[in-house]
Number of protein chains: 2
Amino acid sequence: MSLPHALLGLLATEPRSGYELSKELAEGPVGRFAWKAGHTSVYPELNRLLGKGLIADRGEGPRGRRTYAITDAGRRELRSWLMDDPVGPSKMRNEPVLRMFLLSVLDPDDAITVLRRVIDHVDTEAAELRRARAPYGDTVPPGPEGFGHIAAEFGVRVDQTVREWALWAIDQLSRHRSTP
Amino acid sequence: MSLPHALLGLLATEPRSGYELSKELAEGPVGRFAWKAGHTSVYPELNRLLGKGLIADRGEGPRGRRTYAITDAGRRELRSWLMDDPVGPSKMRNEPVLRMFLLSVLDPDDAITVLRRVIDHVDTEAAELRRARAPYGDTVPPGPEGFGHIAAEFGVRVDQTVREWALWAIDQLSRHRSTP
DNA sequence: GATTGACATGTCGAAAATGACACGTAGAGT
DNA sequence: ACTCTACGTGTCATTTTCGACATGTCAATC
């Protein structure tokens, strides 16, 4: 049940609409690396948060667009979730990683084919993230921009790690193939 | 809907009981980094797979323990899931990473507190994984052991990446604190 | 011989997520 | 004027997952 906290966290940096939140959770760095959700989950959850007084409606914009902002109660809830909760084992779903774990059941040639695909994918993704991060250079700006910058940095690093691991795995699997 | 594939993948390396599968998906490397599930999801899913003929019952052991093995149909299903499906954006839930993304909403001191906790956690985890990996040295053994080895290697590398990223993030946040 | 703890499998109701469908709007290009 | 695309919000039925509860076994320790 982390979706409400994801929404509170995004709204804590700056007010956004349900549409923008959905975009971030469906395609943005947060959705890709942390918590993916479609708009069909986001809108009902926003209404729940509204009911609990954790967010507030900031009136309507152009096409029925409604912008939400976090309230003080929302901030308190978010802070206690981040600070008081233990770090312990928690919810985890990562389909790409699952695929990679299961790769060893394929014969080495097939596994290598898939690993190459994985490498292409993380390369593309890392390039996108670098573009998103580019305007700020090497230092994290304070405020809302810093948020995205730190997230993007995380993505780039994880992608790089996956890439190297995949290459290592290819090498290991190749050895099995060449020396049966 | 990746749980069935996770189970098929584990059973593809060697036959296991529902209990063992549950353990792996709840606490093992697969559960931690790829797809977490409790026994209450595993047992019903095993019966579903049994009904579809993707796994087979290998008779009873000591305390009502029943061991399952993957069938040829199961292997075909697993292979096509791994090979035919696109790598594209897929299911993703990662509560620890979500927490880290949201850290920037805390004041720097609080954020640093949590980041230190995160570092402790990944250090502990990485140490466990290294222990699990230790018996095999630096080379991946063929067969079922190789599976666990490659998974553990992935875990160690990701933990290391998270660690370095967290340190980097602390540094960045510290700058904001010292130069307001 | 009793107790404890890991082993082992399940059900069931509540909560959450997914996918399909539905509807309307503003702007940009042709 | 027309069309296309992205914007923008929602419902609803189905599927998945979670947490609580239930039940019993085997081995080791006290």
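Note on naming: letters A, B, ... go to the chains in the order of the sequence lines (proteins, then strands), and numbering restarts at 1 for each one.
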Participant: Tell me: CD of A:Glu60 to C1' of C:dG24, nearest whole Å?
Facilitator: 13 Å
Participant: Any side-chain N or O of B:Tyr19 below 4.0 angstrom from OP1/OP2 of C:dC7?
Facilitator: yes
Participant: What distance do A:Leu98 atom CG and A:Leu103 atom CG have between them, rounded to the nearest 0.5 Å?
Facilitator: 10.5 Å
Participant: So, for B:Ala126 and B:Val156, which heavy atoms are closest and what is the spacing to 0.1 Å?
Facilitator: O-CG2, 4.2 Å
Participant: Rounded to whole angstroms, how far apart are CZ on B:Arg66 and P on D:dT25?
Facilitator: 15 Å
Participant: Does C:dC7 have its OP1 or OP2 closer than 4.0 Å to a side-chain nitrogen or oxygen of B:Lys23?
Facilitator: yes
Participant: Look at the side chain of B:His39 against the base of C:dG10 and say whether a donor-acceptor pair falls under 3.5 Å; ignore hydrogens and angles.
Facilitator: yes
Participant: Atom CD of A:Glu95 to atom C1' of D:dT17: distance rounded to whole Å?
Facilitator: 16 Å
Participant: Taking the nucleotide of DNA chain C with the closest heavy atom to each, which residue, A:Thr40 or A:Trp35, is nearer the 5' end?
Facilitator: A:Trp35
Participant: Could you work out which one of C:dG10, C:dT18, D:dT16 sits closest to the side chain of B:Met1?
Facilitator: D:dT16
Participant: Among C:dT11, D:dT16, D:dT9, which is the nearest nucleotide to the side chain of A:Arg65?
Facilitator: D:dT9
Participant: Check A:Glu20 with A:Arg65, please: is the shortest side-chain N to carboxylate O separation under 4.0 Å?
Facilitator: yes
Participant: Hey, can you tell me if B:His5 and B:Trp81 have their rings parallel, tilted or perpendicular (30° and 60° cut-offs)?
Facilitator: parallel
Participant: Reading DNA chain D from 5' onward, which residue's closest nucleotide shows up sooner: A:Glu20 or B:Ala37?
Facilitator: A:Glu20
Participant: Establish, for the pair A:Arg157 and B:Trp168, whether the NZ or CZ atom is under 6.0 angstrom from the six-membered ring centre and no further than 45 degrees off its axis.
Facilitator: yes
Participant: On DNA chain C, nearest-nucleotide positions of A:Gly64 versus A:Glu45: which is more 5'?
Facilitator: A:Glu45
Participant: Are B:Arg63 and D:dC26 close enough that a side-chain N or O sits under 4.0 Å from OP1 or OP2?
Facilitator: no
Participant: Here's a test of your reading of the structure: between B:Lys36 and A:Pro62, which maps to the more 5' nucleotide of DNA chain D?
Facilitator: A:Pro62
Participant: Is any side-chain N or O of A:Tyr43 closer than 4.0 Å to OP1 or OP2 of D:dG10?
Facilitator: no
Participant: Could you tell me whether the phosphate oxygens of D:dC18, OP1 or OP2, come under 4.0 Å of any side-chain nitrogen or oxygen in A:Arg93?
Facilitator: yes
